[in-house]
Amino acid sequence: MDQAASPSDSPSGQRFPVVVVGAGPAGLTVGNILRAAGLDCLVLEAETREFVERRPRAGVIEERAVRGLERRGLARNLLERAELHTACEFRFDGERYRFPYQELTGSHHWVYPQPLLVTDLVREYADVRGGRIRFGVRDVRLHDLDGDRPSVSYVCPETGRRQAVGCDFVAGCDGARGVTRTFVAPERARVARHDYGIGWLALLAEAPPSADCVLFGCHPDGFAGQMPRSPEVTRYYLQCPPGDDPDDWPHERVWAQLRRRLGAAGAAPPTEGPLIEKRVLDMHDYVTEPMAFGRLFLAGDAAHLVAPIAAKGMNLALHDAFLLGDALAARLTKGDGGELAGYSAACLRRVWDYQEFSQWLSELYHGAAAKDPFRAGTTLARLRRLFTSPSAAAAFAEQYLGTAARY
Ligand code: RFL
């Protein structure tokens, strides 16, 4: 815990109202909001620009998040290019069950690959709004977070020397593998963790989706999912033991299991294509509470990880970033610190709600494969209820779409 130590070498004398660590959806959104408010900030990113603009991950974005981006002038490309999704489909017991959530609620999802969103946000921040960003920085450290004049230091990729910048606030937006939260003394943060004991083989296939919507296959062999990404690329998931070796999943085995687990009467089989990404994700969640420590504010995966079960991680990251960007702007331009004081509590209400939904949904996806006839029976009842009870359907749709009026 280095937060009390001062940077050893502080030659730059540079100072920014806010230093943002991490150029993912959260950090770039905070940076863009600050620039729009006429504030200077510095974004520090460990990877190269090319890398962050290509890293494949999320695709499903809630309407609320898109409207939030739009209100801040950050959704122009997205609204032109994203696909609008109005339904998803469950497959179980050899049948197809379409869930038309837009018909039920009037709300929909957007599908826009995360690398495209990150590309848009980098361009807007750096090239349009003139924001400062350093790519390829190493060994970021935070200093004096409890004082009025914190600072951030990093090793400069060009010179190999440690550089320090002063600031008023630090936004820790460096994702699940980031370092900013490690500068908080352990006794000040409570980290709650949950391990599902389940793995997902996450795949990207160079092939069009076999259906126009997200598919969930709840099968005794394990869960399978299809998430359309674009007319050329489709994401698939296959439940597997945690820690499984992706090399144990050759092309033939992957497609045989996708056909089997997504198979249903009258359904077209998945369209086969080369697998361009294949990795095993161990499903786990964590939540760091609070999300604010002195002058450090955490946002997105740096504060909380929600397994991709419910496609919520980037949506939460954007929600945090809207609140944090607006709160920092209010504090720095008007001296109004009210929103900043309430930031952590306001984020955590939605975070815990989404974590609970993710747990609930995990049973729906994986219960049939638990090798426990009792769980298989209750899972089937839970699935059927979505298609027999309008109130169960409405509750699911509200959580799936993130449209609750209050959290
Ligand atoms: P990110 O995107 O990880 O960005 C953090 C940035 O910080 C940089 N960084 C550092 N920079 C400087 N110094 C350090 N020490 C640093 N350490 C790290 C990193 O290089 C990176 O650029 O975090 P952010 O902004 O909080 O965004 C979170 C989302 O990326 C994540 O929640 C989603 O991708 C989760 N997720 C999904 N979320 C959705 O809402 N909808 C989806 O459909 C969805 N699908 C997914 C997903 C995540 C997946 N994986 C790989 C876990 C599908 C998958 C397969």
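Both counts, for ligands and for their atoms, begin at 1 and track the order of listing.
The shell of residues lying under 4.0 angstrom from ligand 1, judged by heavy atoms, excludes M227. Y154 does not count as a contact of ligand 1, since none of its heavy atoms falls under 4.0 Å from the ligand. Within the 4.0 Å heavy-atom shell around ligand 1 one does not find E62.
Checking H251 against E272 by side-chain atom types alone, a donor-acceptor pair falls below 3.5 Å.
Between G27 and ligand 1, not a single N/O pair is under 3.5 Å apart. Residue G300 places no N or O, backbone or side chain, under 3.5 Å from any N or O of ligand 1. The N/O atoms of L281, backbone and side chain alike, include none that comes under 3.5 Å of an N/O atom in ligand 1. An N or O contact shorter than 3.5 Å is missing between A202 and ligand 1 by distance.
At the top of the distance list for atom 53 (C) of ligand 1, counting protein heavy atoms only, stands Y237 OH, 3.1 Å. When hydrogens are left out, the protein atom nearest atom 8 (C) of ligand 1 is E45 OE1, 3.2 Å; that is the closest non-hydrogen contact. If you check which protein heavy atom lies closest to atom 44 (C) of ligand 1, you get A58 CB, 3.1 Å. Nearest to atom 12 (C) of ligand 1 among the protein's heavy atoms is A46 N, 3.3 Å. Among protein heavy atoms, the minimum distance from atom 4 (O) of ligand 1 is reached at G24 CA, 3.4 Å. Closest to atom 27 (O) of ligand 1, if we only count protein heavy atoms, is P25 CD, 3.5 Å. Residue, atom and distance of the protein heavy atom nearest to atom 38 (N) of ligand 1 are M314 N, 3.0 Å. Regarding atom 51 (C) of ligand 1, its nearest protein heavy-atom neighbour is R279 NH1, 3.4 Å.
Salt bridge status for R71 with D326: absent, with no side-chain N to carboxylate O gap under 4.0 Å. One finds a salt bridge joining R134 and E158 here, because a Lys/Arg side-chain nitrogen approaches an Asp/Glu carboxylate oxygen to under 4.0 Å. Using a 4.0 Å cut-off between charged side-chain N and carboxylate O, D139 and R162 make a salt bridge. The residues R331 and D168 are annotated as not salt-bridged, no charged nitrogen and carboxylate oxygen being separated by less than 4.0 angstrom. Of the charged side-chain nitrogens involved, at least one lies within less than 4.0 Å of a carboxylate oxygen, so that E53 and R49 count as a salt-bridged pair.
Neither the backbone nor the side chain of F135 comes within contact range of ligand 1; no heavy atom lies under 4.0 Å. Of all the heavy atoms of A26, the ones lying under 4.0 Å from any atom of ligand 1 are found in both the backbone and the side chain. When non-hydrogen atoms are compared, ligand 1 lies under 4.0 Å from neither the backbone nor the side chain of A176.
Interface atoms of ligand 1 facing V21, defined by a heavy-atom separation under 4.0 Å, are 12 (C), 13 (N). Interface atoms of ligand 1 facing D301, defined by a heavy-atom separation under 4.0 Å, are 26 (O), 28 (C), 29 (C), 31 (C), 32 (O). Listed by number with element, the atoms of ligand 1 under 4.0 Å from a non-hydrogen atom of Q114 are 2 (O), 29 (C), 30 (O), 33 (C), 34 (O). Those atoms of ligand 1 with a heavy atom of G175 less than 4.0 angstrom away are 3 (O), 5 (C), 23 (O). Listed by atom number, the atoms of ligand 1 under 4.0 Å from A311 heavy atoms are 39 (C), 40 (O), 41 (N), 42 (C), 43 (O). Distances below 4.0 Å separate heavy atoms of V52 from the following atoms of ligand 1: 22 (O). Within ligand 1, the atoms closer than 4.0 Å to a non-hydrogen atom of V140 are 13 (N), numbered from 1 in the order shown. Close contacts between ligand 1 and K312 involve ligand atoms 39 (C), 40 (O) [criterion: under 4.0 Å to a heavy atom].
Ring centers of F99 and Y400: at least 6.0 Å apart, outside the cut-off. Annotation: Y97 is in aromatic contact with F92 [ring centroid separation under 6.0 Å].
Relative ring orientation between W255 and Y236 is described as perpendicular, the plane-to-plane angle rising above 60° on a 0-90° scale split at 30° and 60°. Classification of the H109-Y101 ring pair by plane angle, with boundaries at 30° and 60°, yields perpendicular.
In this structure, of V137, D174, V30, the residue bringing a heavy atom nearest to atom 16 (C) of ligand 1 is D174. With E47, R55, R229 as candidates, the residue nearest to atom 21 (C) of ligand 1 on a non-hydrogen basis is R55. Considering each of R138, R177, R57, the one bringing a non-hydrogen atom nearest atom 3 (O) of ligand 1 is R57.
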Check against salt bridge (Lys or Arg N to Asp or Glu O under 4.0 Å), D212 and R98:
CA-CA 11 Å; D212 63 348; R98 199 166 171 88; 3.5 Å; yes
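No side-chain heavy atom of I198 sits under 4.5 Å from any side-chain heavy atom of P242.
Here CD of E62 is found 10.0 Å from OG of S107. Values are rounded to the nearest 0.5 Å. Considering CZ of R193 and OG1 of T288, their distance stands at 7.5 Å, rounded to 0.5 Å.
Side chain of D336 to main chain of G338: a donor-acceptor pair is present (N/O by atom type, distance under 3.5 Å, no hydrogens or angles). No donor-acceptor distance shorter than 3.5 angstrom exists from the side chain of D174 to the backbone of G22, with no hydrogens or angles considered.
For R35 and Y125, the positive end is not near the middle of the six-membered ring at less than 6.0 Å and at most 45° from its axis.
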